[in-house]
Each structure stands twice: as C-alpha cells, then as structure tokens.
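Inspection log for the structure reproduced underneath, given as structure tokens.
Protein chains get the first letters and strands the later ones, always in sequence-line order, with residue 1 at the start of each.
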Number of protein chains: 2
Amino acid sequence: MNSIMSALAEPNRLQIVELLRFGPRPVGDISERLRIRQPQVSKHLRVLSDAGLVEVQPLANLRIYKLRPQRFQELDAWLDSFRSMWDERFDRLDGYLNELQAQENKDSDKK
Amino acid sequence: MNSIMSALAEPNRLQIVELLRFGPRPVGDISERLRIRQPQVSKHLRVLSDAGLVEVQPLANLRIYKLRPQRFQELDAWLDSFRSMWDERFDRLDGYLNELQAQENKDSDKK
DNA sequence: CGAGAATATTCTTGTCAAGGAATATAAATG
DNA sequence: CATTTATATTCCTTGACAAGAATATTCTCG
C-alpha cells in the first residue's frame with residue numbers, strides 16, 4: 001500500500017497513470033502529451049513499474065505501457081476499510097472516548 | 001488528489017490514518033501506540049490536517065484527531081475512473097493502437 | 001497565580017528523490 | 001552495416017522533507 005501511495009504521490013506520475021486510463025501508450029506518446037521530457041517519463045515509468053502499477057509490452061521499436069488493475073484493486077480494498085466511516089456516524093468519538101470514560105470512572109471511584 | 005496521495009505517501013502518516021480508522025484519538029495516544037515521538041506525530045498530523053484528511057476537536061487539555069470522510073470519498077471517486085479497467089478487458093491496446101493502425105494505413109497508402 | 005501535562009513550533013542536519021544533460025542500448029530500415 | 005528512431009540509464013546538482021533536540025504554547029487544577 002505504501003509503495004502505491006508513494007508512487008502516485010509524484011504529480012507527473014499521477015498524470016501518467018491518469019493518461020493510461022484511456023489505454024496503453026508508448027513512452028514517446030506519453031512524453032508528447034504530457035510535455036515531459038522522455039528520460040523523465042522513462043524514469044517515472046520505472047517507478048510505476050516497480051510499484052506494480054504498470055507493465056510494459058514491447059512492440060517493435062516501441063515499449064507500450066499499460067495499467068495493471070491488480071494494484072488498483074488493492075487500493076480499492078484498502079479504501080473499503082474506511083467506507084464504514086461515511087455510512088455510520090463515526091464522529092461520536094467512539095474509540096478513544098470509551099477508554100477515557102473508563103479512565104474517568106476509575107478516577108471518580110478513587111474519590 | 002495529489003495532496004491526498006503525498007500526505008499518505010509517508011509511512012508514519014499512513015499508519016496514523018489507519019489507526020484513526022478505529023476512532024478518534026488524542027496526540028499522546030497516537031504517539032504511544034505507534035511508538036513515534038510526540039513532536040513528529042504533531043507534525044504529521046499537521047500535514048494530514050492541511051491535506052484535509054483529519055480534523056481536530058479540542059477536549060480539555062487534549063486535542064482529539066479524527067478522520068474526515070470527505071477526502072476519502074474523493075479518493076473513492078477517483079478510483080471509480082479506473083474501475084472499468086478490471087471489468088472490461090482493457091489489455092487489447094485499445095487507445096493507442098487505433099492511432100498506430102491509422103498511421104500505418106496512411107503509410108501503406110503512400111506506397 | 002504557579003506547576004505540570006498535553007501539544008505545537010522552531011531550528012538544524014542528513015537523506016533521498018526529481019530534473020537536466022549527456023550517453024548508452026535496442027530495434028528498424030534502407 | 002550505417003543510420004535513424006525509440007527508449008533506458010548514468011551522473012550531477014538542487015530542493016524538499018523527515019527526524020532529533022530544544023523550546024514555546026495552551027490548558028487544567030490545586
């Protein structure tokens with residue numbers, strides 16, 4: 001999860017990923033559209049690839065990059081653990097305040 | 001979106017967010033549980049707060065932090081634009097290869 | 001009001017990562 | 001095989017940022 005986040009934290013990489021939503025593209029195409037110099041695009045694609053977010057498929061002279069759904073599914077699954085937040089009313093200070101209350105009860109017992 | 005990602009890219013901050021899933025907590029509590037020194041926790045919470053991921057609610061001497069669902073919903077919405085990926089079979093090189101094919105047709109016309 | 005607890009801020013330092021420029025590699029093609 | 005095109009890699013410099021240490025701030029309570 002951490003690798004996903006840090007890969008997507010870089011603005012240019014986020015743009016690349018968003019561009020690849022529309023389909024696989026070779027490096028040069030990405031470079032042109034996003035106005036990023038080719039070496040930087042290659043480097044960013046390296047990072048994205050290491051993070052498992054994209055994969056490459058050689059085609060003749062070109063290297064065609066495309067998204068790998070898997071990691072995005074993981075991100076989706078991770079988000080799941082937060083979804084209860086906006087369903088249930090979670091702002092009642094549930095977790096900690098129970099402890100706090102227990103603590104205060106103990107104090108008042110001591111009195 | 002970028003601010004969300006870069007806020008969550010830092011491992012300790014990700015941990016903090018994951019801890020806050022279970023409910024609001026004051027700084028000291030976070031510091032203890034995650035074994036992170038208090039000043040760093042405060043600094044990380046600052047970043048998370050600036051990114052809109054958490055909000056604070058003072059209670060006596062304490063400052064109780066909790067997650068703000070809004071930004072997580074945005075992240076969820078962003079992920080939506082990728083969901084078509086793992087439904088449809090998206091590895092057929094749709095986008096670019098159409099262009100490429102068009103290009104090659106043009107070339108063969110020239111012949 | 002003074003002391004102590006909880007939290008925030010400042011300053012400094014070291015590390016890492018991104019961009020630029022140049023170069024290396026690989027495949028295509030005449 | 002030489003050249004061109006597409007892409008990757010290396011080296012260097014610079015800026016951002018995280019951690020540590022020290023200190024400031026805010027609130028509570030006797």
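B:Y65 has a side-chain polar atom (N or O) that falls below the 4.0 Å cut-off from OP1 or OP2 of C:dA8. Phosphate proximity of C:dA17 to A:H44: absent, as no side-chain N or O sits under 4.0 Å from OP1 or OP2. For C:dG19, neither phosphate oxygen OP1 nor OP2 lies less than 4.0 angstrom from any side-chain nitrogen or oxygen of A:R37.
With rounding to whole Å, B:I16 atom CD1 is found 13 Å from C:dT7 atom C1'. For B:E32 and C:dT7, the CD to C1' distance is 14 Å, given to the nearest whole Å. Protein atom CG of A:N12 is 16 Å distant from nucleotide atom P of C:dA17, rounded to whole Å. Distance CD1 (A:I30) to P (D:dT7): 9 Å, rounded to an integer number of Å. Atom CG of A:L59 and atom C1' of C:dA27 are 11 Å apart (whole Å). When the C1' atom of D:dT5 is taken as reference, atom CG of A:D29 falls 15 Å away, rounded to whole Å. For the pair B:L62 CG and D:dC29 P, the computed distance is 11 Å after rounding to whole Å. Between the P atom of C:dA17 and the CZ atom of A:R13 lies a distance of 9 Å, rounded to the nearest Å.
For A:R25 against A:L20, the heavy-atom pair with the smallest separation is N-CD2, 3.9 Å. Here the closest heavy-atom approach between residue B:A7 and residue B:A51 is recorded as CB-CB, 3.8 Å.
Mapping A:R63 and A:Q40 onto DNA chain C by nearest heavy atom places A:Q40 closer to the 5' end of the strand. Comparing A:P39 and A:N61 along DNA chain D, the residue whose closest nucleotide (by nearest heavy atom) sits nearer the 5' end is A:N61.
When each of D:dT9, D:dG20, D:dA19 is scored by its nearest atom to the side-chain atoms of A:R46, the top-ranked nucleotide is D:dT9. Nearest to the side chain of A:A60, among D:dA8, D:dT9, C:dA28, sits C:dA28. With C:dA8, D:dA19, D:dT9 as the choices, the nucleotide that has an atom nearest any side-chain atom of A:S42 turns out to be D:dT9. The listed nucleotides are C:dC11, C:dT7, C:dA28; the one nearest the side chain of B:K43 is C:dC11. Checking D:dA19, C:dT7, D:dT9 against the side-chain heavy atoms of B:E10 singles out D:dA19 as nearest.
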Let me see the working for A:V17 and B:F82 under side-chain contact (heavy atoms from CB on, under 4.5 Å), right down to the final yes or no. CA-CA 10 Å; A:V17 166; B:F82 291 86; 3.6 Å; yes

Show your reasoning for whether side-chain contact (heavy atoms from CB on, under 4.5 Å) applies to A:L75 and A:R71. CA-CA 6 Å; A:L75 184 52; A:R71 307 309 300 271; over 6 Å; no

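Side-chain N/O atoms of B:Q38 and base N/O atoms of C:dA8 include a donor-acceptor pair closer than 3.5 Å.
Put simply, the side chain of A:L34 does not reach to within 4.5 Å of the side chain of A:N12, judged on heavy atoms.
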